[in-house]
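Here is the naming used below: chain letters follow the sequence lines, and residue numbers restart at 1 for every chain.
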Protein chains: 2
Amino acid sequence: MARQVTGSAEVAEKLAVAIHEHRLPPGTKLNEDEVGEIFGVSRTVVRAGLQQLAHEHLVDLKRNRGAFVAKPSVREAREVFEARSLLEPTTARSAALRAGKADIAKLRAHVEAEHAALAEGDDGRALHLSGTFHTEIARIAKQDTIAEFITQLVSRSSLIIALYWERRAALCESHAHDALIRALESGDADEAEAVMKSHLLDLYTSLDLRDAPSQPRTLKEALTG
Amino acid sequence: MARQVTGSAEVAEKLAVAIHEHRLPPGTKLNEDEVGEIFGVSRTVVRAGLQQLAHEHLVDLKRNRGAFVAKPSVREAREVFEARSLLEPTTARSAALRAGKADIAKLRAHVEAEHAALAEGDDGRALHLSGTFHTEIARIAKQDTIAEFITQLVSRSSLIIALYWERRAALCESHAHDALIRALESGDADEAEAVMKSHLLDLYTSLDLRDAPSQPRTLKEALTG
DNA sequence: TGAACAAGCTTCGTATACAATCAAAGGCAA
DNA sequence: TTGCCTTTGATTGTATACGAAGCTTGTTCA
């Protein structure tokens, strides 16, 4: 508690990571006083952070009711992946044309860390790393504007996975990311685009877009864990 | 003044329209007290609105300095149109497959209003309508997520136009929007996609991406006008 | 026994107050 | 006169206080 955080951006970031790592399940109430106490800031700062997350569709702000971790609908889930399918393949293509040795190394380290997290059973962290991998691609493509959209879509995808994905065992155990790195390394733009496209399709078809379970926990437990 | 506005969303919306209509040029300082007085709300509400606009890249929030209407860089200008070229053509295709009579009528009315505004010399309003036309397409395509992105990109495009577009005379005098409506009406998806793509390219190539002028005005004058 | 109403409590929405920071103006010395 | 430093004014960042809205729970009446 009282981790003494400066500024609303940091609050938003910490909450976003917790959401992305499934430590804060969809539907969780985010009490302003409680969050403020945990981070050692006043409600003013917390509110600003929550508003930022609301803009990113990570939390739902209900008037006079409070903030809740968002629960994307089936419709929204489809739209998110539709948007990703428009943005990411072309971005992967661009990245293939620009990726340097340093970029490739960074991506490899990224996948490395993801596998390590999986190995030690930290599924949440693995999922988060798996997501930021996509953001990294956009960064390599030197498209900050698109990268920001993708970052948001990836976060929302994490919520969608929390709600609609049952077979977590296969959590990105697919070697799509490895294949993507190889395509980027060899500068094969067509291949990179194709791999990304099929990777996204894989993700999408592995969703069970029918029901919406959820298992809430206490806020403090999730955040300090 | 003291138009007695409720909530930060309304403040953000009014400022966004003013920016979109070029009544608030890039670089304009948005003083919190001043904006609050104009709308009859406290700084708390104004700040929330400004944060929202910052998230949409319409204003720049500089720590301890205040809020300023954003001045997109040349790099950002390119990225915005790159993103639009990824999202909008495909969305226009979708819209062509879904557009009903009511949708077409609404679009026609939209273009109508745009021409009327041009006729009476209200270039700002014409520009705004020209932009929301694109948002409307996304709405018809029933893609709210993508529509939100496009809305943001359109607003940013307006700032880009304010900075980098000299030949305002040709302000969407092109009949691209008419052609688009015809394609949607006949359900010709290929044509809709092609027209949108070339329309965006037209816009992009009409920019002079070299310098960045600006002519500030007083805040109150722009908002109450 | 069950449903409806009401009182109390919790939580949010907004305003205001105070502290921190920055920028510009003024003074001093070279 | 010019350059630098100090000081002062203005504006933002954060905290807190107060009013409003919603949820909960306990009671009452059918």
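A donor-acceptor pair under 3.5 Å is formed between the side chain of A:E79 and the backbone N or O of B:T145. Side-chain atoms of B:T132 come within 3.5 Å of backbone atoms of B:L129 as a donor-acceptor pair (strictly under, hydrogens ignored).
Counting to the nearest Å, the P atom of D:dA10 and the NZ atom of B:K62 are 22 Å from each other. For the pair A:E34 CD and C:dC12 P, the computed distance is 10 Å after rounding to whole Å. One atom, CG of A:D60, and another, P of C:dC12, lie 14 Å apart when rounded to the nearest Å. Taking atom CD of A:E10 as the reference point, atom P of D:dT14 lies 11 Å away to the nearest angstrom. The CZ atom of A:R47 sits 8 Å away from the P atom of C:dC12 (whole-angstrom rounding). In this structure, B:E37 atom CD and D:dT11 atom P are separated by 12 Å, rounded to whole Å. A straight line from CZ of A:R43 to C1' of C:dT16 spans 14 Å, rounded to a whole angstrom. Computed from coordinates, the A:D33 CG to C:dC9 P distance equals 17 Å when rounded to whole Å.
The nucleotide whose nearest atom lies closest to any side-chain atom of B:N31 is, among D:dG13, C:dG13, D:dT11, D:dT11. Picking from D:dT14, D:dT12, C:dT14 the nucleotide with the shortest atom distance to the side chain of A:T44 gives D:dT14. Of the candidate nucleotides C:dT14, D:dT12, C:dG13, D:dT12 has the atom nearest to the side chain of B:E32.
Judged as a salt bridge (Lys or Arg N to Asp or Glu O under 4.0 Å), and not counting sequence neighbours, the contacts of A:E32 are A:R43, A:R47.
Neither side chain, B:S158 nor B:H128, offers a donor N or O lying under 3.5 Å from an acceptor on the other. A:H110 and A:E136 share no side-chain donor-acceptor pair at under 3.5 Å. No side-chain donor-acceptor contact under 3.5 Å links A:H55 and A:Q152.
A distance below 6.0 Å separates the ring centres of B:H199 and B:H177.
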Atom pairs under 3.5 Å, N or O on each side, protein against nucleotides 19-23 of chain D: can you list them with distances?
| from | atom 1 | to | atom 2 | distance (Å) |
| --- | --- | --- | --- | --- |
| D:dA21 | O3' | A:N64 | ND2 | 3.4 |
| D:dC23 | OP1 | A:R65 | NE | 3.1 |

